[in-house]
> 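The structure under discussion is supplied below as structure tokens; questions concerning it will follow.
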Amino acid sequence: MTKKLIAVLRGEPSWPPPVWLMRQAGRYLPEYRALRAKAGDFISLCTSPDLAAEATLQPVQRFGMDGAILFSDILILPWALGYGLRFAEGEGPILPRLTSQDIARLDPTRLERALQPVLEAIALIRLRLGDQAALIGFAGAPFTVACYMVEGGGSKDHVLTRAMAYRSPHDFDRLMTILTEATIASLSLQIEAGAEAVMLFDSWAGILSPSLFRRFVALPAARIKAALAARFPAIPLIGFPRLAGALLGVYAEISGVDAVGMDTATDPAFAASLVPAPTALQGNLDPVALLAGGAAMTAEVARILGALRGRAHVFNLGHGILPETPPAHVAELLQLIRRADGVA
Ligand code: CP3
């Protein structure tokens with residue numbers, strides 16, 4: 001039997017819609033904080049198969065989502081290419097600031113061996129996961145991963161990255177090609193290990209001009225989709241070009257992804273008009289509405305469900321769960337969606 005999440009990602013509407021939440025594993029859960037303390041640091045947690053499998057399964061066991069997202073991070077890819085990465089407590093990721101000379105030092109031959117613990121985690125999750133939830137593998141999209149490498153971590157405006165794309169387009173293309181091919185390799189390995197769908201997180205897609213968006217967001221996604229479709233035609237790919245706004249339609253058309261993720265700022269009805277069926281839509285409750293809970297959350301959920309009724313829709317947030325979110329609100333959200341006949 002095809003799992004509900006997979007059927008919807010392939011374009012078949014379902015009511016009520018399947019649901020999972022970005023960052024559903026994480027600090028808002030006491031059992032995650034305990035596991036994180038046991039692992040020591042975040043990279044050790046991501047690269048210990050048993051602990052990563054447990055972190056993946058924690059929210060699914062507690063709340064019963066339709067999707068289990070692999071517990072890992074988008075920055076495990078540059079780490080697996082031999083690029084430095086650490087997570088400073090309370091500061092987020094820190095990487096060396098990439099310059100043109102560093103590109104030649106990225107080593108794709110290390111990738112498969114370095115990803116072994118992640119692939120082992122996937123195999124363990126599939127063994128332990130029931131028939132309901134489908135396992136989602138993922139990668140950061142090449143542009144977003146490049147942003148963290150060139151900036152050396154998070155950034156408000158990504159001026160260094162955009163300046164490199166304009167001033168040294170040849171070098172930036174080379175970096176994007178290496179990351180695109182490594183992403184295809186990583187997602188292929190994840191699928192071979194047991195991932196039933198895969199997602200590309202392009203968190204910073206929306207900071208580019210329309211021409212750079214086509215070149216560094218839509219075209220790499222198209223290359224990734226085509227390479228995966230040739231090897232794994234039954235595995236759906238979700239693309240999440242965050243803050244793409246009116247360019248969502250261009251993204252869907254050029255990339256050919258099976259499902260498009262909508263961020264918090266996107267009007268679902270507008271997204272539905274830009275992205276023709278059978279392409280599925282995923283999203284997009286404001287994570288702050290989930291944090292607040294109550295009547296405001298109920299109203300937002302009803303609005304989203306109503307706008308997308310009849311479309312292939314996977315309910316999700318517009319961005320990741322905030323660490324301050326009460327777990328009880330997540331349980332309420334799942335109940336609201338599963339009893340959706342009353343609200344939409
Ligand atoms: O539950 C899940 O969604 C699966 C695991 C997952 C994590 N990160 C775990 C994580 C996924 C899919 C990601 C994606 C990710 N990571 C993105 C794309 C989505 C987005 O948020 O825009 C990005 C940009 C990253 C990079 C990253 N990782 C940052 C900026 C940070 C620091 C901010 C923070 O929340 O701490 C991380 C760390 C991180 N990744 C944590 C988790 C659970 C927190 C680590 C901890 O336990 O301290």
> To the nearest 0.5 Å, tell me how far T325 OG1 sits from R27 CZ.
11.0 Å

> Measuring from L135:CG to L5:CG, what's the distance to the nearest 0.5 Å?
10.5 Å

> Can S48 and D50 be counted as having a side-chain donor-acceptor contact under 3.5 angstrom?
no

> Do L124 and Y32 sit in one hydrophobic cluster, given that two such residues count as connected whenever their side-chain heavy atoms are within less than 4.5 Å of each other, even indirectly?
no

> So, for T56 and I125, which heavy atoms are closest and what is the spacing to 0.1 Å?
OG1-CD1, 3.5 Å

> Roughly how far apart are L160 CG and M149 CE, rounded to 0.5 Å?
14.0 Å

> Sequence neighbours excluded and cut-off under 3.5 Å, please list the side-chain donor-acceptor pairs for residues 241-249, or say none.
{"residue": "R242", "atom": "NE", "partner": "S203", "partner atom": "O", "Å": "3.0"}
{"residue": "R242", "atom": "NH2", "partner": "S203", "partner atom": "O", "Å": "3.4"}

> Whether R10 and E196 form a salt bridge (side-chain N of Lys/Arg under 4.0 Å from carboxylate O of Asp/Glu) is what I want to check.
no

> Identify the two heavy atoms, one from A80 and one from L115, that lie closest to each other, and give their separation to 0.1 Å.
CB-CD2, 4.0 Å

> Taking all non-hydrogen atoms of both residues, which atom of L305 and which atom of P17 are closest, and how far apart?
CD2-CG, 3.5 Å

> For the backbone of Q132 and the side chain of K3, can you confirm whether one donor and one acceptor N or O come within less than 3.5 Å of each other?
no

> Can you confirm whether more than 12 heavy atoms, excluding those of E89, are under 6.0 Å from its CD atom?
no

> With heavy-atom distances below 4.5 Å as the criterion, would you say the side chains of F315 and L333 are in contact?
yes

> Just verifying a value: how many Å separate L106 CG and R174 CZ, rounded to the nearest 0.5 Å?
9.5 Å

> Give the intermediate values and the outcome of salt bridge (Lys or Arg N to Asp or Glu O under 4.0 Å) for residues D41 and R86.
CA-CA 9 Å; D41 65 294; R86 64 193 176 86; over 6 Å; no

> Above 12 or not: heavy atoms from other molecules or residues under 6.0 Å from CD of E112?
no

> Without swapping roles, check the side chain of S255 against the backbone of Y251 for a donor-acceptor pair under 3.5 Å.
yes

> Test of understanding: clusters of I, L, V, M, F, W, Y form through side-chain heavy atoms closer than 4.5 Å, transitively. Do I6 and V198 belong to the same one?
no

> Within the structure provided, determine whether V217 and T144 are in side-chain contact (heavy-atom separation under 4.5 Å).
no

> Let me see the working for N316 and V19 under side-chain contact (heavy atoms from CB on, under 4.5 Å), right down to the final yes or no.
CA-CA 6 Å; N316 205 316; V19 54; over 6 Å; no

> Nearest 0.5 Å, please: how far is CG in L281 from CD1 in I304?
12.0 Å

> Begin from the C-alpha positions of Y166 and F172 and carry the test ring pair (Phe, Tyr, Trp, His ring centres under 6.0 Å) through to its verdict.
CA-CA 9 Å; Y166 285 116; F172 199 72; 9.6 Å; no

> Let me know which of R62, Q58, Q61, R36 forms a side chain to side chain donor-acceptor pair (under 3.5 Å) with E31.
R62

> Charged N to carboxylate O below 4.0 Å: is that the case for R303 and D267?
no

> Would you list the atom pairs, donor with acceptor, under 3.5 Å between side chains in residues 93-100 and any protein atom, with sequence neighbours excluded?
{"residue": "R97", "atom": "NE", "partner": "E151", "partner atom": "O", "Å": "3.2"}
{"residue": "T99", "atom": "OG1", "partner": "D102", "partner atom": "OD2", "Å": "3.2"}
{"residue": "S100", "atom": "OG", "partner": "D171", "partner atom": "OD2", "Å": "2.6"}

> Decide yes or no for Y28 and V330: does some side-chain heavy atom of the first lie under 4.5 Å from some side-chain heavy atom of the second?
yes

> Got a salt bridge between D66 and R338, using NZ or NE/NH1/NH2 to carboxylate O under 4.0 Å?
yes

> List the steps and the verdict of side-chain contact (heavy atoms from CB on, under 4.5 Å) for F240 and M22.
CA-CA 11 Å; F240 180 42; M22 291 189 275; 3.7 Å; yes

> For Q24 and G67, indicate whether the former's side chain and the latter's backbone hold a donor-acceptor pair under 3.5 Å.
yes

> I need the minimum non-hydrogen distance between L35 and A55, along with the two atoms involved.
CD2-N, 3.5 Å

> Report whether F42 and I76 are members of the same hydrophobic cluster (ILVMFWY, side-chain heavy atoms less than 4.5 Å apart, transitive linking).
yes

> For R162, is there an ion pair with D157 - N to carboxylate O distance below 4.0 angstrom?
no

> Determine whether P169 and R215 make a side-chain contact, defined as any pair of heavy atoms from C-beta on separated by less than 4.5 Å.
yes

> Using the side-chain contact (heavy atoms from CB on, under 4.5 Å) rule, take I321 and L290 through it: C-alpha gap first, then chi angles, then the decisive distance, then the call.
CA-CA 8 Å; I321 294 189; L290 177 64; 4.2 Å; yes

> Side-chain polar contacts of residues 186-195 - donor-acceptor pairs under 3.5 angstrom, sequence neighbours left out - could you list them?
{"residue": "S186", "atom": "OG", "partner": "Q190", "partner atom": "NE2", "Å": "3.0"}
{"residue": "S188", "atom": "OG", "partner": "I184", "partner atom": "O", "Å": "2.7"}
{"residue": "S188", "atom": "OG", "partner": "R231", "partner atom": "NH1", "Å": "3.4"}
{"residue": "Q190", "atom": "OE1", "partner": "F138", "partner atom": "N", "Å": "2.9"}
{"residue": "Q190", "atom": "NE2", "partner": "F138", "partner atom": "O", "Å": "3.0"}
{"residue": "E192", "atom": "OE2", "partner": "R231", "partner atom": "NH2", "Å": "2.6"}

> Does one hydrophobic cluster hold both W15 and V314, with members joined at side-chain heavy-atom distances below 4.5 Å?
yes

> Can you measure from CG (D107) to CD1 (I178) and round to the nearest 0.5 angstrom?
10.0 Å

> Flag the pair R105 / Y83 as yes when at least one side-chain heavy-atom distance between them is below 4.5 Å, and no otherwise.
no

> Given side chains that start at C-beta, do those of H313 and V8 come closer than 4.5 Å, heavy atoms only?
no

> Looking only at non-hydrogen atoms, find the nearest pair between T183 and P142 and report the distance.
OG1-CG, 4.3 Å

> Would you call I43 and C46 a side-chain contact if the rule is heavy atoms closer than 4.5 Å?
no

> Closer than 3.5 angstrom, by distance alone: can the side chain of D258 be matched with the main-chain N or O of A280 as a donor-acceptor pair?
no

> Is E181 paired with R223 through a side-chain N to carboxylate O contact shorter than 4.0 Å?
yes

> Show your working on side-chain contact (heavy atoms from CB on, under 4.5 Å) between D73 and F87 and close with a plain yes or no.
CA-CA 11 Å; D73 197 84; F87 283 84; 4.0 Å; yes

> Measure the acute angle between the ring planes of F216 and F143, then classify it against the limits of 30° and 60° as parallel, tilted or perpendicular.
parallel

> Assess the side chains of T266 and N284: does a donor N or O sit below 3.5 Å from an acceptor N or O?
no

> Of all heavy-atom pairs between L51 and K38, which one has the smallest distance, and what is that distance?
CD2-CE, 3.9 Å

> Are L237 and I122 linked, directly or through other ILVMFWY residues, by side chains that come within less than 4.5 angstrom of each other?
yes

> Less than 4.5 Å apart, any side-chain heavy atom of E332 and any of M297?
yes

